[in-house]
Amino acid sequence: MKKTTSAAEAISSIPEGATMMIGGFMGVGTPEHLIDELVRQNKGNLTLITNDTARPGVGVGKLIEARLVKHVIASHIGTNPETQRQMIAKELSVELVPQGTLVEQIRCGGFGLGGVLTPTAVGTLAAEGKRSLEINGEQYLLELPLKADIALIKARQCDYYGNLQYRLTAQNFNPIMAMAGATVYVEADELVPAGCIAPDDVHTPGILVDYIIKSKVMA
Amino acid sequence: MKKTTSAAEAISSIPEGATMMIGGFMGVGTPEHLIDELVRQNKGNLTLITNDTARPGVGVGKLIEARLVKHVIASHIGTNPETQRQMIAKELSVELVPQGTLVEQIRCGGFGLGGVLTPTAVGTLAAEGKRSLEINGEQYLLELPLKADIALIKARQCDYYGNLQYRLTAQNFNPIMAMAGATVYVEADELVPAGCIAPDDVHTPGILVDYIIKSKVMA
Amino acid sequence: MNDKELIARRVAREIQPGSLVNLGIGLPTMVAQYVPAEANVFFQSENGIIGIGGLPDGMENPSLSDAGGGMIGALPGAAAFDSAFSFGLIRGGHLDMTVLGGLQVDSQGRLANWIIPGERVPGMGGAMDLVTRARKVIVAMIHTAKGQVKIVDKLNLPITSGRRVDLIVTELAVIKPCEEGLILKEVAPGVEVAEVRAATEAELIITEPVTTMELE
Amino acid sequence: MNDKELIARRVAREIQPGSLVNLGIGLPTMVAQYVPAEANVFFQSENGIIGIGGLPDGMENPSLSDAGGGMIGALPGAAAFDSAFSFGLIRGGHLDMTVLGGLQVDSQGRLANWIIPGERVPGMGGAMDLVTRARKVIVAMIHTAKGQVKIVDKLNLPITSGRRVDLIVTELAVIKPCEEGLILKEVAPGVEVAEVRAATEAELIITEPVTTMELE
């Protein structure tokens with residue numbers, strides 16, 4: 001059985017300056033409760049790996065606003081003017097990666113792969129500094145693994161063993177990040193007994209989950 | 001809506017000498033009805049990409065017995081003495097690939113990736129002829145994509161749009177092969193109306209499926 | 001009919017029944033409403049769903065959104081998946097068509113739509129994967145930006161992909177990029193070829209009689 | 001207690017509560033029966049499941065099998081997945097332990113267990129991934145093969161992985177490979193060190209007093 005914990009306690013164990021993956025796409029499928037705690041406990045100097053920086057006041061956008069992030073690796077920051085502002089003011093460094101590449105890099109980190117070859121971004125600004133390989137006459141970029149100290153994950157359901165099920169488009173980066181974080185914190189809307197999520201419906205096996213936190217949503 | 005077809009008609013459209021991926025692990029999760037039809041129609045000269053050659057009389061083992069396969073790419077052939085016999089007699093060529101590598105190669109084929117780096121098999125016989133790359137001081141093998149003309153897939157449920165759900169360990173290579181075959185034939189135990197498989201429970205979206213064949217199992 | 005509706009209606013005619021289509025945020029999203037339901041087109045959103053459908057009033061679900069974060073509905077038979085699978089569909093050539101907006105397209109049909117260096121750096125999101133590997137790429141955009149040409153001889157913005165897009169649809173014209181350059185195929189109702197040329201920096205080639213866009 | 005049971009019982013003592021463990025076909029599979037249920041160990045089978053459990057008589061399901069194709073049962077809280085994910089768990093370092101059989105192990109602790117060239121070519125299946133990247137690799141095997149030594153100075157069979165295994169458990173001894181060579185840690189009840197050495201080609205180093213295997 002896993003032990004559940006409070007958001008406050010969970011976040012207190014995270015050091016400043018951690019490299020952190022956070023699930024979600026424009027805030028959908030993001031563990032808001034854990035993010036609120038990061039802000040409340042003022043955990044700074046973070047390196048953030050996430051799809052986008054959402055909007056001010058939403059999802060990881062709250063971490064940006066609170067100036068807790070020093071470096072972000074993401075595919076899109078256009079919807080959060082505060083990210084742009086901090087980037088231009090050089091308060092925050094931003095590494096932009098194509099979305100399909102970003103998720104494969106995280107997958108490599110979690111799946112024990114040394115890298116992956118993608119045709120995406122060949123010949124673009126996003127290829128700068130990356131190794132290029134020719135395979136059967138076609139050019140590919142070699143993209144390297146991304147790992148993190150911490151993964152913050154949002155799930156719909158979590159059973160007593162930590163088995164997770166996500167909901168609709170709130171899935172996005174969550175299951176892949178659950179593989180790539182050294183310590184995995186899951187915020188779940190509903191906690192259910194073992195057996196309530198059938199084996200074929202488990203999206204992330206509980207063996208990957210370290211801490212379970214109940215979200216503020218009633219269920 | 002997808003059109004269902006008979007196994008006989010489905011298989012009649014497959015040319016001799018096709019490169020074929022077939023799902024299953026020791027026959028579990030293998031489309032037996034489609035395989036019986038391949039044997040009945042005597043489709044020969046096949047290149048077979050599959051996890052293992054099962055046992056005589058079971059799964060793809062039947063194709064080996066019927067001498068329909070000229071080349072097999074698999075991770076394990078030890079449970080089928082007939083595969084060994086044909087290999088030693090040079091009637092069949094066999095390419096052995098570690099299981100985790102094989103599934104990643106098929107994934108690369110289906111996911112549009114040019115290759116993947118794995119630590120598995122470095123320094124072994126299975127590394128022969130493969131390119132090796134050093135990443136952060138560690139050696140990896142560059143494994144190239146595998147694709148197929150045809151993928152034969154086994155599912156538990158299939159809805160009117162071809163959305164699939166697999167059952168327990170009968171999942172194995174099926175969902176990845178459904179991405180990597182140019183034409184995908186699915187044999188399903190149960191055909192259900194659209195909506196019967198909830199969006200979060202779909203393992204393979206119907207858009208990947210070309211032909212639906214009802215299995216002989218009652219449901 | 002305003003310019004955006006005209007573009008959306010024309011793009012809708014390119015969509016094949018039963019195909020899998022990804023629509024970008026903004027103007028491209030409008031295309032869906034002009035595709036008849038009986039065409040059985042599957043709309044994908046790269047954040048993880050096939051089967052986007054109408055959203056009945058009051059039925060919003062915070063876990064069901066499009067790539068812009070807007071609430072959407074889904075059809076029976078929809079399928080949800082993670083980002084790795086979603087981009088596997090895109091990169092693996094399983095996506096029949098993507099419709100995207102553009103900042104610039106050049107005479108070789110190459111698209112720039114993700115960054116204006118020093119001014120606006122939104123990021124590429126899924127655009128580079130989509131343009132590189134969707135089977136068909138349609139750029140749907142207003143022909144010029146506040147008087148500035150957008151269909152240019154040479155891009156001065158960074159490219160999204162080295163791949164040549166398949167079609168450009170604007171409120172003035174339908175243009176097909178190919179090996180030889182940009183071929184002017186159609187003009188909007190009431191628009192003259194000279195008008196299109198005046199609003200376009202890149203050379204427009206005419207190989208067959210230019211027809212008038214059909215919109216219904 | 002026969003030799004295989006002795007080996008299985010000793011290996012079972014290496015398994016940590018709550019850990020994720022993969023047991024190879026044959027002898028290693030026997031280990032599960034000596035792990036107490038209250039240890040909450042999760043058994044994975046690389047064909048796609050975590051949570052293997054007892055199979056009540058008559059409850060066989062043709063879609064639920066282990067890596068040898070044998071029918072198995074599952075516990076509440078089991079999770080099923082595809083082969084890509086399964087090997088992601090293995091290669092990604094999420095698997096705490098694997099227990100495998102062996103044909104040979106050399107003085108550097110390297111394992112050969114997938115091929116006897118010219119004689120038997122079963123293939124590596126999942127063994128190369130397991131040995132390369134499981135956190136802990138235990139080789140569980142009968143000490144010799146019909147009088148032939150198996151713990152050898154130099155392998156004459158092709159290696160499974162360049163990685164040194166963590167422990168060798170036989171019916172005679174527990175041996176720990178490390179930088180300096182093979183350390184003899186334990187002998188089976190009633191077995192003398194000299195007996196182990198006689199059945200072993202590789203040098204066995206003794207650094208601390210050799211103890212007797214505990215089996216309960």
Side-chain angles (χ1 to χ4, degrees), chain A residues 1-3 21 103-116 145-149 151 155 157-166 171 174-184 186 191-212, chain D residues 15-22 37-53 55 61 63-66 72-98 126 128-135 137 161 163:
Chain A
M1 303 290 150
K2 300 274 173 197
K3 266 221 333 242
M21 290 176 180
V103 73
E104 286 297 320
Q105 290 185 280
I106 297 167
R107 183 177 184 273
C108 283
F111 281 58
L113 298 165
V116 74
L146 285 173
K147 287 190 174 207
D149 305 318
Q157 287 199 326
C158 175
D159 76 14
Y160 295 173
Y161 290 109
N163 289 308
L164 307 181
Q165 197 181 32
Y166 308 101
Q171 185 169 176
N174 283 297
I176 301 292
M177 287 177 171
M179 290 284 281
T183 307
V184 175
V186 63
L191 307 179
V192 297
C196 281
I197 310 176
D200 290 324
D201 300 337
V202 172
H203 291 140
T204 294
I207 201 79
L208 296 166
V209 172
D210 297 291
Y211 297 102
I212 298 167
Chain D
I15 296 179
Q16 298 298 312
S19 62
L20 180 64
V21 176
N22 179 297
E38 58 273 23
N40 263 313
V41 171
F42 298 89
F43 290 103
Q44 186 228 26
S45 188
E46 67 263 33
N47 52 322
I49 194 162
I50 289 175
I52 297 173
L55 177 58
N61 181 319
S63 296
L64 181 52
S65 56
D66 64 18
I72 57 172
L75 300 169
F81 34 79
D82 71 14
S83 300
F85 188 86
S86 189
F87 281 85
L89 288 172
I90 292 166
R91 223 192 297 97
H94 306 284
L95 183 72
D96 295 301
M97 186 191 290
T98 185
M128 286 189 176
D129 298 283
L130 284 160
V131 177
T132 303
R133 282 293 183 89
R135 295 211 181 166
V137 177
S161 167
R163 180 248 184 91

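For clarity, every value in this text was computed on a predicted model and none was experimentally measured.
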Write down the atom of [X], the atom of [Y], and the distance for their closest heavy-atom approach.
X	Y	answer
Asp200(A)	Ala80(D)	OD1-CB, 3.6 Å
Gly18(D)	Ile207(A)	O-CD1, 3.9 Å
Gly77(D)	Asn163(A)	O-ND2, 2.8 Å
Gly110(A)	His94(D)	O-NE2, 2.8 Å

Worksheet item: Which one, Lys147(A), Met179(A), His203(A), leads in non-hydrogen pairs under 4.5 Å with chain D?
Response: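 Winner by heavy-atom pair count: Met179(A).
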Practice prompt. Using non-hydrogen atoms and a 4.5 Å limit, figure out which bit of Ala84(D) sits close to chain A: side chain, backbone, both or neither.
Written response: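 Contact with chain A involves both backbone and side-chain atoms of Ala84(D).
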Worksheet item: Does any heavy atom of chain A fall under 4.5 Å from the side chain of Ile50(D), the backbone, both, or neither of them?
Response: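 For Ile50(D), the contact with chain A is made by the side chain alone.
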Item to complete: Could you tell me which residues satisfy side-chain contact (heavy atoms from CB on, under 4.5 Å) with Ser45(D), sequence neighbours excluded, listed by chain and number?
Response: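 Ser45(D) satisfies side-chain contact (heavy atoms from CB on, under 4.5 Å) with Asn47(D), Ile49(D), Ile52(D), Asp66(D), Ala67(D) only.
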Item to complete: Just jot down the ring-ring contact (aromatic ring centres under 6.0 Å, His included) partners of Phe81(D), sequence neighbours excluded, or say none.
Response: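 ring-ring contact (aromatic ring centres under 6.0 Å, His included) list for Phe81(D), sorted by chain: Phe85(D).
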Worksheet item: So, do Leu89(D) and Leu208(A) sit near enough that their side-chain heavy atoms are less than 4.5 Å apart?
Response: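 SC-SC contact between Leu89(D) and Leu208(A) confirmed.
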